[in-house]
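Taking it in order: structure first as structure tokens, then the write-up.
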Amino acid sequence: MQKVSKLTIFLFLLPALLIFSLYMVAPIPLSAFYSFFRWKGFGERVFVGLNNWVELIGDGIFHKALFNNFKLVFLSLFGQLPIALALAILLAKKTKTTDILKTIYFVPLLMSSVAVATLWSNIYDPNFGLLNMFLQTIGFENLFIDYLGNPKLALYSVIVAINWRFIPFYMILFLAAIKNIPDELYEASRVDGASKWENFRYITLPLLRPTIINASVLSLVGSLKFFDIVYVLTGGGPNNASELMATYMYKNAFNSLRMGYGSAIALALFIIAFTFSITFMKLTRKGDK
Amino acid sequence: MSWGGGPLKEYVDADKVMDMTEALKQDDWIERFVPAGLEIARFDENYYAVPITGMRAVLMFYRTDIFEKAGVEIPETYEEFKDVIVQLKDAGYIPLSLANKNRWTGSMYYMYLVDRLGGKEAFLNAASRDGGSFASEAFVRAGEVIQELVDLGAFPPGVNGLDEDQGQSRQLLYADRAAMYLMGDWAYGLIRNENPAMLENFSFFRFPVFEDGKGDPTNLVGSPGGNMYSVAKSSEHQEAAIEFLKYLSDETAAKQLVELGNLAPFRGVEEYLDDPFMVDIYNALNNANYVQLYYDQYLPPQIAQAHLDTIQGLFGKTITPEEAAEKVEEEAQKYFDEK
């Protein structure tokens with residue numbers, strides 16, 4: 001094989017690197033800078049020192065949003081991933097049915113977030129929606145569930161929709177990893193008389209470990225910075241009941257025109273997500289040794 | 001493009017938009033527009049935008065056939081309004097259709113109530129900081145009235161989760177489940193597309209007044225002009241932009257807007273009106289002594305958001321009327337202190 005010079009490699013990476021720096025890396029120090037100002041996003045910038053940060057630390061809505069984000073993280077890690085893994089194992093056997101099912105299960109991921117949110121908003125519609133209509137048809141005539149308008153329920157309703165959309169993604173991830181496990185291992189264990197459970201416990205699961213860790217990090221970070229489906233389904237409402245850090249940031253920066261405060265929220269979000277994913281990766285890597 | 005008022009003012013203060021006064025005076029272009037429409041783009045003596053689409057009024061729409069069936073008449077006072085609500089409720093209807101996920105929808109009730117209770121001055125003084133306050137009596141009582149209506153069961157169940165953008169409020173009207181609908185007159189255009197058959201039994205009435213209220217019963221909530229176009233100060237093609245806006249406000253544009261159910265904010269537009277429903281809306285606007293621009297467009301964005309945030313709390317009863325009023329006032333004080 002011909003040896004490729006380092007310069008060629010660099011040149012090929014350059015465009016992606018430029019875009020990445022411009023849109024991903026540069027905004028981080030910029031947001032940190034803006035968070036010390038009172039600014040509308042245009043016009044005059046007034047230096048206010050740590051005011052935005054002091055406000056953020058005492059801001060009840062931000063606390064609530066942070067707590068909601070943690071709920072989302074928890075329910076994603078322990079909801080999305082196990083279900084995705086179970087589906088992947090069921091679909092790993094190649095038959096005609098699993099081929100069809102694979103395609104069907106994959107559909108939620110192919111739709112855009114806004115379409116998914118709109119779909120669920122119709123399912124949840126308390127008066128004409130699929131869910132309440134269904135419950136009424138099977139006999140719960142007086143049951144009336146207000147999925148998105150009830151502040152106690154809204155966040156969980158949204159999380160169900162989020163999980164529904166992202167399970168297929170992790171399913172495909174796990175499926176690919178399962179397919180990579182050599183058949184010989186299972187053949188050998190069969191010779192040793194292992195049960196199906198033992199196969200899963202001592203072969204599949206350990207070999208999936210790196211994939212599961214990767215999926216967990218993706219799910220963790222994704223849940224911490226989540227935005228779109230919540231924004232469309234509830235807008236963070238009612239009365240901030242389903243507010244997440246990202247929706248609260250958006251509202252401050254672009255609806256209230258408080259770009260400085262919005263930047264402070266954005267940076268706080270970054271610090272939290274960064275710390276959590278680094279800690280998580282450190283912890284799991286330690287286990288590898 | 002803005003809706004005039006507070007958000008446009010932010011851009012004017014930041015010196016980002018062109019002063020259009022000269023251009024408007026040239027060839028009497030200014031005469032083309034309905035004065036109220038230009039008024040919301042005027043700061044000091046200068047104009048910074050022109051209205052290109054419609055004058056809008058928020059009206060209390062209702063199903064005439066459902067009113068007949070339930071044996072109720074158009075209410076003029078709040079007491080009568082409450083009676084109508086109770087009777088409609090007893091007849092098995094949702095009295096008032098509302099989708100409050102969007103918050104500006106519930107805000108329409110609040111704005112009308114403040115106007116009817118405290119008159120237009122209640123809001124204007126609070127917004128201009130001329131001895132008024134968002135925590136004054138009219139604002140607190142408006143919140144109380146909303147919660148009284150909530151307790152009467154006037155609104156659809158799950159009101160804070162329903163989405164106006166998806167027409168979940170209008171669906172209740174179409175399904176013969178709800179009787180009244182407080183909404184901007186654009187609802188007429190939407191219904192004409194979605195369910196024209198219902199329009200045979202559809203009309204609107206004035207928002208009821210309070211016996212001890214100060215508001216003028218002809219006052220409307222709405223906007224004297226929508227889609228206000230401004231020209232960027234930094235633009236190198238300001239003349240071309242003005243030329244384009246002249247094109248957007250000419251006779252043909254006016255005619256086509258009216259055909260779409262939009263009361264274009266241009267003079268003489270009434271000549272093209274042949275739809276009686278549109279004529280009624282036009283008259284309501286013409287007879288109004290004052291048109292209250294939506295709070296979330298009139299106020300600086302920061303205060304507007306505080307207002308919108310409290311609206312869901314009021315309808316969901318997770319906040320008291322005093323707390324809601326206090327929260328907006330606090331945000332207003334914070335905003336004006338920083339100025």
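We name chains A, B, ... by the order of the sequence lines, and we start the count at 1 in each one. Only a predicted model underlies this, so the values are computations on that prediction, with no experimental measurement involved.
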Proximity breakdown for B:Tyr11 and chain A, heavy-atom pairs closer than 4.5 Å:
both

Give a yes/no verdict on a cation-pi contact between A:Arg258 and B:Tyr335, requiring under 6.0 Å between NZ or CZ and the six-membered ring centre and an angle within 45° of the axis.
no

Check whether more than 12 heavy atoms from other residues, nucleotides or ligands sit under 6.0 Å from atom CZ of A:Phe274, and answer yes or no.
no

Applying a strict 4.5 Å limit to non-hydrogen atoms, the region of A:Ile145 in contact with chain B is neither

Using non-hydrogen atoms only, which part of B:Ile303 is less than 4.5 Å away from chain A: side chain, backbone, both, or neither?
neither

Checked A:Asn252, A:Leu257, A:Asn127, A:Leu148 vs chain B; the most non-hydrogen pairs under 4.5 Å come from A:Asn127

Contact class of A:Thr118 relative to chain B, heavy atoms under 4.5 angstrom:
both

Are B:Phe123 and B:Met111 packed together at the side-chain level, in the sense that at least one heavy-atom pair is separated by less than 4.5 angstrom?
no

Under 4.5 Å from a heavy atom of chain A, the part of B:Gln166 involved
side chain

Report which part of A:Asn255 has an atom under 4.5 Å of a heavy atom belonging to chain B: side chain, backbone, both, or neither.
both

Any chance you could measure B:Met183, atom CE, to B:Leu190, atom CG, to the nearest 0.5 Å?
9.5 Å

Does the distance from a Lys or Arg side-chain N to an Asp or Glu carboxylate O, for B:Asp176 and B:Arg63, drop under 4.0 Å?
yes

At a heavy-atom distance under 4.5 Å, which candidate from A:Val46, A:Asn240, A:Asp146, A:Val48 has the highest pair count against chain B?
A:Asp146

Using a 4.5 angstrom heavy-atom cutoff, name the option from B:Glu331, B:Gln171, B:Lys16 with the most pairs to chain A.
B:Gln171

Do the charged groups of B:Glu194 and B:Arg170 touch, with an N to O distance under 4.0 Å?
yes

A:Asn239 side chain to B:Thr310 backbone, donor-acceptor under 3.5 Å:
no

Under 4.5 Å to a heavy atom of chain B? For A:Ser121 that would be both

